[in-house]
Amino acid sequence: MARIVKVGAGGGEIDWHEALKDLRADDVLFLAPGFYELPQGITLTDITIKGTGSSPDDTTILGYVSISEDSRYVTLENLCINTNTDHNSLFVPVEANSYLTLRNCVIKGVGTDTAALAANGKVTLELYSTKIENGSVSMFANADFRIEMNDSLIDYPSNEYCALALEGKGTAIINNSRVKGSINTFLKTNCELDINNSRVDYILLHGQTWMNMLNSQILSKDDSCLYISDDCWCNIVNSTFAGGVYIDKNTHVIMQNGTLNRMIVVDNAKITMTGSRVLAHADFQDQVKADATRVSFCGDGTYEYFLALSGHAKLHGRDLILNANNSELAVQDDAQFNTNVLASDRPNMEIECNKKPNVRIYGLHWTAKRK
């Protein structure tokens, strides 16, 4: 039978260590504001722990917490877990099949490659109004996960480690949240990643990842703020990218109403763009197949070419806008460019090409030139 256990130093409350000695399945622990030490950590089974302070930091557990192999659920609410040793602040073992729910919590890591929250087993992880600081959330190779992250923050902008690592298999749903750092999937990853109304610094996708992105922003201005590789499929709607999008290997990308600074697409990648804008530079290479409808390809003077095709790349366009802004357009090697143009900043556009029949542009007067 479930019990409510009040822990603290006031009247009617029991001591923290006494409470730990007598934990039972389905207990609900109410922790009074203060610091609760776990120098040797603790393993929890079927339990709910709630802080009763006005903010999570008012009730701090100094130590690290693991979920037991046979735990059905663990719920933490309105408290802070702060490990001061090189341990995972929260850990789910490979044998687990459990729910882990965090509501209005702060989880602090130690700023190393040791994840703040790590899972190897089967887990449904729910993060509601929760902050992960100075460490990553990591699903490892054996993980079978479902992540639901709402109104939450992962704050780990490291140059060495990712903020949200998704290996293993599963689904991650990120809503109305902020990830300071990168979201990574890996060669052996097999997952669905849904990002809605959120902001991320970087996204690096590998393996077999299906990503749906809606009304979101990638904030880094680096060349690969979004990197899509291997056999990934991406559906991107109404999202913006401050830096460069790099797409390679066997990926498939659909982008609708997107705005990006620059993009490079290589290998056997396929991309379909609708109602989008490329502000500085677009480059299609190798065996790429691209389809663009009502897309603006623009230059900003930073790059020699605002639009370049090479190798055997093919770009089929409909109702494009071509604004060179003192940059050039090139269709080189055996690449093909076939489109009609709605508008351009040049009444007559010169195109670098060595095979004039590979270029068909309607609605714009153009001439071929060799570099």
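What you see is a predicted model, and the numbers here were worked out from it, not measured in a lab. Note: hydrogens, waters and symmetry copies are ignored here, and every other heavy atom, side chains too, is used.
- Grouping the Ile, Leu, Val, Met, Phe, Trp and Tyr side chains by contacts below 4.5 angstrom, directly or via other members, places Leu309 with Leu364.
- One distance of note links SG of Cys191 with CZ of Phe186; it measures 10.5 Å at 0.5 Å rounding.
- Judged purely by distance below 3.5 Å, without hydrogens or angles, the side chains of Thr114 and Asp86 pair a donor atom with an acceptor atom.
- A side chain to side chain contact (heavy atoms under 4.5 Å, CB included) with Met255 is found for one member of Leu260, Ile247, Asn238 and no other, namely Leu260.
- The cationic group of Lys270 does not satisfy the cation-pi geometry with Trp233, failing either the under 6.0 Å distance to the six-membered ring centre or the 45° limit from the ring axis.
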Gln332 and Tyr305: CA distance, side-chain angles, deciding distance, side-chain contact (heavy atoms from CB on, under 4.5 Å) verdict = CA-CA 12 Å; Gln332 300 168 336; Tyr305 301 105; 3.8 Å; yes
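- Between His206 and Tyr227, a ring centre-to-centre spacing shorter than 6.0 Å is recorded.
- For Lys221, there are no side chain to side chain donor-acceptor pair (under 3.5 Å) partners, not counting sequence neighbours.
- The minimum heavy-atom distance between Val179 and Ala163, with the atom names listed, is CG1-CB, 3.8 Å.
- Between Ser327 and Tyr303, the shortest heavy-atom distance links the atoms OG-O, 3.0 Å.
- Checking Thr302 against Asp300 by side-chain atom types alone, a donor-acceptor pair falls below 3.5 Å.
- A side-chain N or O of Asn175 and one of Asn196 form a donor-acceptor pair less than 3.5 Å apart.
- The closest side-chain heavy-atom distance from Asn261 to Phe241 is not below 4.5 Å.
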